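Side chains included, hydrogens not; waters and symmetry mates left out as well; all remaining heavy atoms used. From a predicted model like this one, the values you see are computed outputs, not experimental measurements.
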Amino acid sequence: VTPRKQEHTLLANRPFCEEMAMTTWAMEEFAGAKLGDGRLNDRLIKLAARFADKPTASIPGACPDWAETQAVYRFFDQASDDKRSLGWQDILDPHIAQTEARMRQHRIVLCLQDSTELDFNGQGIDGLGPLSYEAQRGMYLHPTYVVTLEREPLGITDAWMWAREPKGADGTRPGIRESRRWTEGYERIAEMAATMPDTRLVYVADREADIAELIQRAHALGNPADWLIRSQHNRCLPDGAKLWAAVLAGAPLGEIEFMQPSRHGQAARTVRQQLFARPVSLADGQGGGLSVTCLIAKETGAPDGVKPVEWRLLTNRAAQTLDDLIELIEWYRCRWEIETFFNVLKNGCRVEALQLGSVGKIELALAVYMVVSWRLARLVRLGRTHPDLAATELFTDEEWKGAYILAKKPVPKTTPTLREVIRRIAMLGGFLARKGDGEPGVKTLWLGFARIRDFVDGVEHMRSINAI
């Protein structure tokens with residue numbers, strides 16, 4: 001018997017329940033779902049596992065047959081008023097509970113918030129609204145995505161989903177004030193902070209969150225969660241000076257150097273920034289002032305033709321030493337993880353291709369796909385932060401062995417590490433693994449994992465008909 005035949009025999013002769021192996025992570029993540037019917041709970045677990053196995057596929061493409069496809073559509077029909085009026089919160093609640101449990105295992109966690117628009121233009125979906133342009137049709141998503149200081153994604157704890165109303169004849173838009181989502185997002189993080197005395201929660205957001213109402217609300221609550229926001233407004237200080245000029249007028253307190261990954265067509269490069277900071281007083285909305293720290297990180301020696309990286313940040317934290325400033329910069333740099341999450345959700349899971357007929361059904365699907373996207377992003381990050389974990393911590397025996405068989409490589413006799421298997425799977429998705437390529441990204445992992453699942457499903461079917 002050739003070694004390759006031995007490998008296939010080894011895979012075929014290990015008995016296992018394919019359905020159980022496929023759904024284990026989903027069972028853990030959606031345990032305790034209260035959807036009003038145990039059959040709906042089972043369907044949620046099953047469809048989440050299907051979507052995770054083939055994240056780039058359409059709903060029919062992710063399901064093995066038409067009967068299961070119909071069952072998935074019936075599940076999303078539960079959003080209708082004449083059914084159960086199921087909401088996306090019902091789907092996310094058990095995942096949020098699991099996320100909070102993971103948060104409690106860490107001393108500091110970063111709660112990242114941002115918004116993204118979902119473009120469903122040209123699709124017949126009831127309840128959509130305008131996007132950046134009034135003629136575009138779609139909706140918005142604003143999640144809270146929690147990561148560790150090592151950038152390991154812990155999960156989603158909150159979300160806003162909404163469709164804008166069209167502008168009126170006077171040019172104003174009716175409906176709830178959208179800026180409220182930032183302040184309310186902080187309030188919910190503050191509520192969580194009260195239940196996690198041993199974990200420091202840090203709210204991190206980009207320029208759109210630079211709202212006086214948010215800063216004032218955090219101050220009024222006593223800053224139960226720290227906050228770090230990129231400054232958008234060059235405010236006037238009590239002495240009449242402008243905020244950013246006043247901070248830069250002082251001497252730099254030190255420097256920081258880091259490697260900026262490639263993005264937006266720009267190659268990875270080393271960034272060196274000078275750090276400036278000072279405490280300032282901002283209006284508290286009641287005729288007084290509240291103390292915050294303004295930190296400016298200004299790049300020096302940027303390459304010709306490249307825009308220097310400059311960040312202006314506001315925080316409730318007192319930054320008295322260079323180490324304090326560096327810690328804040330490292331926290332802010334982790335904000336990019338929510339952009340990665342959006343990339344997986346929109347380009348990996350292709351949620352903008354969903355055709356479900358109404359915004360309510362789309363919201364149910366988004367809740368499931370957000371958890372799927374978190375899992376994919378977490379797999380990649382764990383391969384970097386915990387490379388020596390056994391692969392069986394996250395993959396079944398059939399999955400990790402399939403990665404070697406598909407690559408026509410000998411199957412290891414002992415369980416390989418998580419990093420080894422993730423790289424092997426990513427290579428099936430197009431990762432070249434050359435000396436200077438670094439670690440694989442999410443896209444090659446999701447493409448490679450789809451091949452793995454097809455292989456495992458094929459082996460299981462052959463076993464069921466006694467073909468192997």
Is the number of heavy atoms from other residues, nucleotides or ligands under 6.0 Å of [X] [atom1] greater than 12?
X    : atom1 : answer
D304 : CG    : no
K346 : NZ    : yes
R269 : CZ    : yes
R200 : CZ    : yes

Query raised in the report: Is there any salt bridge (Lys or Arg N to Asp or Glu O under 4.0 Å) pair reaching into residues 141-150, and which pairs are they, with sequence neighbours excluded?
Result: none
Side-chain donor or acceptor of [X] paired with backbone N/O of [Y] under 3.5 Å:
X    : Y    : answer
D53  : R453 : no
T300 : Q273 : no
R384 : P440 : yes
D324 : Q320 : yes
R312 : Q232 : no
T293 : R317 : yes
E352 : D119 : yes
R102 : L154 : yes
N223 : D226 : no
N234 : K242 : no

Query - Within the 6.0 Å centroid threshold, strictly below: W311 and F258 - result: yes
Query raised in the report: What about the rings of W374 and F341, do their centers lie closer together than 6.0 Å?
Result: no
Can you tell me how far the [atom1] atom of [X] sits from the [atom2] atom of [Y], to the nearest 0.5 Å?
X    : Y    : atom1 : atom2 : answer
E330 : R333 : CD    : CZ    : 5.0 Å
M427 : T444 : CE    : OG1   : 10.5 Å
E184 : R217 : CD    : CZ    : 11.0 Å

State, to 0.1 Å, how close [X] and [Y] come at their nearest heavy-atom pair, and which atoms those are.
X    : Y    : answer
L44  : A33  : CD2-CB, 4.1 Å
L248 : K298 : CD2-CD, 4.3 Å
V442 : T340 : CG2-CG2, 4.0 Å

Requested in this report: Would you check, one step at a time, whether the test side-chain contact (heavy atoms from CB on, under 4.5 Å) holds for E152 with H386?
Outcome: CA-CA 10 Å; E152 176 190 332; H386 303 292; 3.5 Å; yes
Report task. Let me see the working for V146 and I156 under side-chain contact (heavy atoms from CB on, under 4.5 Å), right down to the final yes or no. Result -> CA-CA 6 Å; V146 183; I156 298 109; over 6 Å; no
Report task. Can you sort out the partners of F75 under ring pair (Phe, Tyr, Trp, His ring centres under 6.0 Å), two or more places apart, ordered by chain and number? Result -> none
Give a yes or no on whether a salt bridge exists between [X] and [Y], defined as a side-chain N under 4.0 angstrom from a carboxylate O.
X    : Y    : value
E191 : R188 : no
R375 : E29  : no
R381 : E439 : no
E68  : R50  : yes
D210 : R230 : no
R378 : E337 : no
K46  : D42  : no

Requested in this report: Report the relative orientation of the aromatic rings in Y186 and Y203; use parallel for angles under 30°, tilted for 30 to 60°, perpendicular for over 60°.
Outcome: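 Because their plane-to-plane angle is over 60°, the rings of Y186 and Y203 count as perpendicular.
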Report task. Kindly assign one of parallel, tilted or perpendicular to the pair H142 and W182, based on the angle between their ring planes and the thresholds 30° and 60°. Result -> perpendicular
Could you go through residues 355-367 and list every donor-acceptor pair under 3.5 Å that involves a side-chain atom there, pairing it with any protein atom two or more places apart or in another chain?
from, atom 1, to, atom 2, distance (Å)
S358, OG, K361, N, 3.3
K361, NZ, D77, OD1, 2.9

Requested in this report: Test T321 against D323 for side-chain hydrogen bond (donor to acceptor under 3.5 Å, both in side chains), laying out the working first.
Outcome: CA-CA 5 Å; T321 68; D323 287 342; 5.1 Å; no
Query raised in the report: Partners of A71 by side-chain contact (heavy atoms from CB on, under 4.5 Å), sequence neighbours excluded?
Result: R43, R74
Report task. Not counting sequence neighbours, which residues clear side-chain contact (heavy atoms from CB on, under 4.5 Å) with H219? List them please. Result ->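 side-chain contact (heavy atoms from CB on, under 4.5 Å) list for H219, sorted by chain: L290.
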Query - Set of residues satisfying side-chain hydrogen bond (donor to acceptor under 3.5 Å, both in side chains) with respect to W446, sequence neighbours excluded - result: none
**Report entry** Under 3.5 Å side-chain donor-acceptor pair for S132 and E117
**Finding:** yes
